[in-house]
Amino acid sequence: MPTEFRNEPFIDFTKEENAAAMRAALDKVKSELGREYPLVIGGERIKTGDTLESINPANRSQVVGKFHKATKDLANQAVESAYKAFQTWRHVPAEERAELLFRVAALMRERKHEFSAWMIYEVAKTWPEADGDTAEAIDFLEFYAREMLRYAGDQPLVKLTGEQNQMDYIPLGVGAVIPPWNFPCAIMAGMTAAAIVTGNTVVLKPSSDAPAIAYKFFELLEEAGLPAGVVNFMTGSGSEVGDVVVDHPKTRFIAFTGSKEVGLRINERAAKTQPGQLWIKRVVAEMGGKDAIIVADDADLDEAATGVVQSAFGFQGQKCSACSRAIIDARVYDSMIEKIAERTAKIKLGDPTDNGNTMSAVVNEKAFQTINGYIEKGKTEGGRVIAGGGSDGEQGFFIEPTVIADVKAGSTIEQEEIFGPVLAVIKANDYDDALRIANDTQFGLTGAVYSSDEAKLDRARNEFHVGNLYLNRKCTGALVGVHPFGGFNMSGTDSKAGGRDYLLLFMQAKLSSEKVGATRKRAEAGTAI
């Protein structure tokens, strides 16, 4: 039996031996940049000759890798390959599937710094952010392996005299796993691991902004002994090959993390029954957020300011859990924006390979242009920039951590997800007003409240409509098993990644009921004959 689950510890880079190990990993990965990677369908390496390039956002002249793009025919082939592999993988005992995940976790733990280094180059994560991503991936592998063992055990049912009843959780079938670029190791590995440990097979289509880390994970799966075709690696355009996989009649489920717009599009396409389709497709969608931190008039303002800045600008604000709205009681508003501006000014923007830098570039040129557009929109709608506001896209896609005060509730940057280092600060008349503003959004992912009044915190528990609510702490940094993660409304399908019910999304329950004594009577009758 495995030991009790424990979260993977974070690396302390103030210790020279750890920093030296990371520098060595960065050098090793740098020597591998620019290589070409194939599609892998049914274990076969395939090169189409048509490639996409993954670019380092902090050094736009540096190619991280070149990836062959799938065609529609190959996308169909990937689903068929996964369907064929499902016929045998579904019957592999849960204990063996769990053991595979444990082996993958052990391999990733051995190469932790290398996986982090790939993210530093491919999506411009700082050292601590990359390490946190890798640690979370290991957590998902370890946690879901243990969860599968729990689901494979005897399930509690009400006893009925004269019957022997049992409930088994069986896999769904072929799944499309479509992960995001912002947690390119953790979320990608978590969704893939959840799918395969429950007995399903997968077509894995990573983001075109972060395919390298997904390929490195796929290599770990192969090294750990995953049979060919259980996971098929496919890069290419979502609108071309992604749609093919979502629409395919043999696709049973889609696990997606990304924007609201793409998630709704996938949900709509999956709802349409295709010729030959035998099931209603299941969609597990984790989408966006417009997360708020409320600062009450009785809060510890220093703690609150630190939490707001950490939540707003960790990984350049490119987290669905990031604080993009600080809603502050009017009685402490001026003091709070001063403290927020002071802390924001201390953030050091630069190349993430240098551990002295605490923030880096946004993911690509499209994001760079969009985020700058939101900053200008915030100013034209009456906002006041009190920190940052500048950008430089020549070397990399760098945008200063930007704080815009005096933002009006209902304005563009208070309502729309920016997904970048931009914090909108809104003045609330009182706590009632703050809760109203916080809930006035189409999203419902994370939120936080800073207050020393337990009655206000209780009200937040009852009235702040988010899937992950944090009290007197930042609204980012969910830990697997500790903070099951997923939100309400347009933030997704209410899934809770890293929680005890997550694997249920990838399985279905089958009840078998046998009349006690009937089998013995049939056997005796057969013997008599």
Side-chain angles (χ1 to χ4, degrees), residues 52 69-76 78-79 82 172-184 187-188 190-192 194-195 200 202-211 214 232 234-277 279-290 318-321 363-364 366-367 369-371 373-374 412 415-420 441-445 467 486-495 497 505-506:
L52 61 87
K69 294 194 289 186
T71 62
K72 291 183 179 179
D73 285 344
L74 287 171
N76 280 312
V79 177
L172 298 175
V174 176
V177 172
I178 306 173
W181 52 262
N182 65 330
F183 284 89
I187 295 179
M188 176 274 304
M191 293 196 298
T192 304
N200 304 288
V202 165
V203 177
L204 171 60
K205 198 202 85 63
S207 165
S208 296
D209 286 310
N232 301 273
M234 187 185 77
T235 44
S237 164
S239 60
E240 290 192 20
V241 297
D243 285 351
V244 172
V245 176
V246 169
D247 295 346
H248 199 290
K250 288 181 180 174
T251 297
R252 178 63 177 82
F253 67 92
I254 301 96
F256 167 79
T257 300
S259 70
K260 179 197 78 172
E261 290 75 18
V262 176
L264 291 178
R265 185 173 185 272
I266 287 173
N267 195 56
E268 182 178 6
R269 295 187 76 96
K272 184 178 180 181
T273 305
Q274 302 295 327
Q277 183 177 319
W279 41 65
I280 299 171
K281 293 179 183 178
R282 188 176 295 181
V283 175
V284 181
E286 300 171 47
M287 304 191 299
K290 191 62 182 174
Q318 298 173 128
K319 301 179 182 181
C320 53
S321 59
V363 70
N364 57 31
K366 181 181 178 181
Q369 299 294 345
T370 300
I371 295 163
Y374 273 114
T412 302
Q415 285 290 308
E416 296 184 9
E417 185 178 36
I418 299 172
F419 222 68
T441 170
Q442 62 183 314
F443 299 106
L445 189 51
F488 306 146
N489 299 346
M490 287 296 175
S491 289
T493 54
D494 307 332
S495 61
L505 301 171
F506 300 85

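Computed from a predicted structure; not experimentally measured.
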### Task
Drop me the distance from Gln277's CD to Lys272's NZ, to the nearest 0.5 angstrom.
11.0 Å
#### Entry: Residues forming a side chain to side chain contact (heavy atoms under 4.5 Å, CB included) with Thr441, sequence neighbours excluded
Lys290, Arg325, Phe443
### Task
Begin with the C-alpha distance, continue with both residues' side-chain angles, and end with the deciding distance and a verdict on side-chain contact (heavy atoms from CB on, under 4.5 Å) for Arg252 and Asn200.
CA-CA 9 Å; Arg252 178 63 177 82; Asn200 304 288; over 6 Å; no
### Task
Show your working on side-chain contact (heavy atoms from CB on, under 4.5 Å) between Phe256 and Val283 and close with a plain yes or no.
CA-CA 8 Å; Phe256 167 79; Val283 175; 5.7 Å; no
### Query
Taking atom CD1 of Ile187 and atom CD1 of Ile178, what is their separation to the nearest 0.5 Å?
13.5 Å
### For Phe419, all residues meeting ring pair (Phe, Tyr, Trp, His ring centres under 6.0 Å), sequence neighbours excluded
Trp181
### Message
Could you measure the distance from the CZ atom of Arg282 to the CD1 atom of Ile280? Nearest 0.5 Å is fine.
### Response
10.0 Å
### Query
Considering residues at least two apart in sequence or located in another chain, which fulfil the salt bridge (Lys or Arg N to Asp or Glu O under 4.0 Å) criterion with Asp243?
Arg265, Arg269
### Query
Side-chain contact, heavy-atom cut-off 4.5 Å: Thr235 with Pro206?
yes
### Query
How would you list, by chain and number, every residue that makes a ring pair (Phe, Tyr, Trp, His ring centres under 6.0 Å) with Phe253, sequence neighbours excluded?
Phe506
### Task
Please name the pair of heavy atoms, one in His248 and one in Lys281, separated by the smallest distance, quoted to 0.1 Å.
O-NZ, 2.9 Å
### Query
Going from CG on Asn182 to NZ on Lys319, what distance comes out if it is rounded to the nearest 0.5 angstrom?
9.0 Å
### Message
The test is side-chain contact (heavy atoms from CB on, under 4.5 Å); show your working for Ile371 and Ile418 and say whether it passes.
### Response
CA-CA 6 Å; Ile371 295 163; Ile418 299 172; 4.2 Å; yes
### Task
Looking only at non-hydrogen atoms, find the nearest pair between Val245 and Ala176 and report the distance.
CG1-CB, 3.5 Å
### Message
Could you measure the distance from the CG atom of Asn364 to the CD atom of Gln369? Nearest 0.5 Å is fine.
### Response
10.0 Å
### Task
For residues Ala82 and Val203, report the shortest heavy-atom separation together with the two atoms involved.
CB-CG2, 4.3 Å
### salt bridge (Lys or Arg N to Asp or Glu O under 4.0 Å) involving Lys250 - partner list, sequence neighbours excluded
Glu80
### Query
If you take all heavy atoms of Gly289 and Ser491, which pair is closest and at what distance?
CA-OG, 4.1 Å
### Task
Tell me, please, which residues at least two apart from Val241 pass side chain to side chain contact (heavy atoms under 4.5 Å, CB included).
Ala70, Ala75, Lys205, Met234
### Query
Do the non-hydrogen side-chain atoms of Gln274 and Thr251 ever get within less than 4.5 Å of each other?
no
### Residue Gln442 excluded, over 12 heavy atoms near CD under 6.0 Å
yes
### Message
To the closest 0.5 Å, what do you measure between CG (Asn489) and CG (Asp494)?
### Response
8.0 Å
### Message
Testing Thr257, Val202, Ile254 one by one against Val177 for a side-chain contact (heavy atoms from CB on, under 4.5 Å), which residue passes?
### Response
Val202
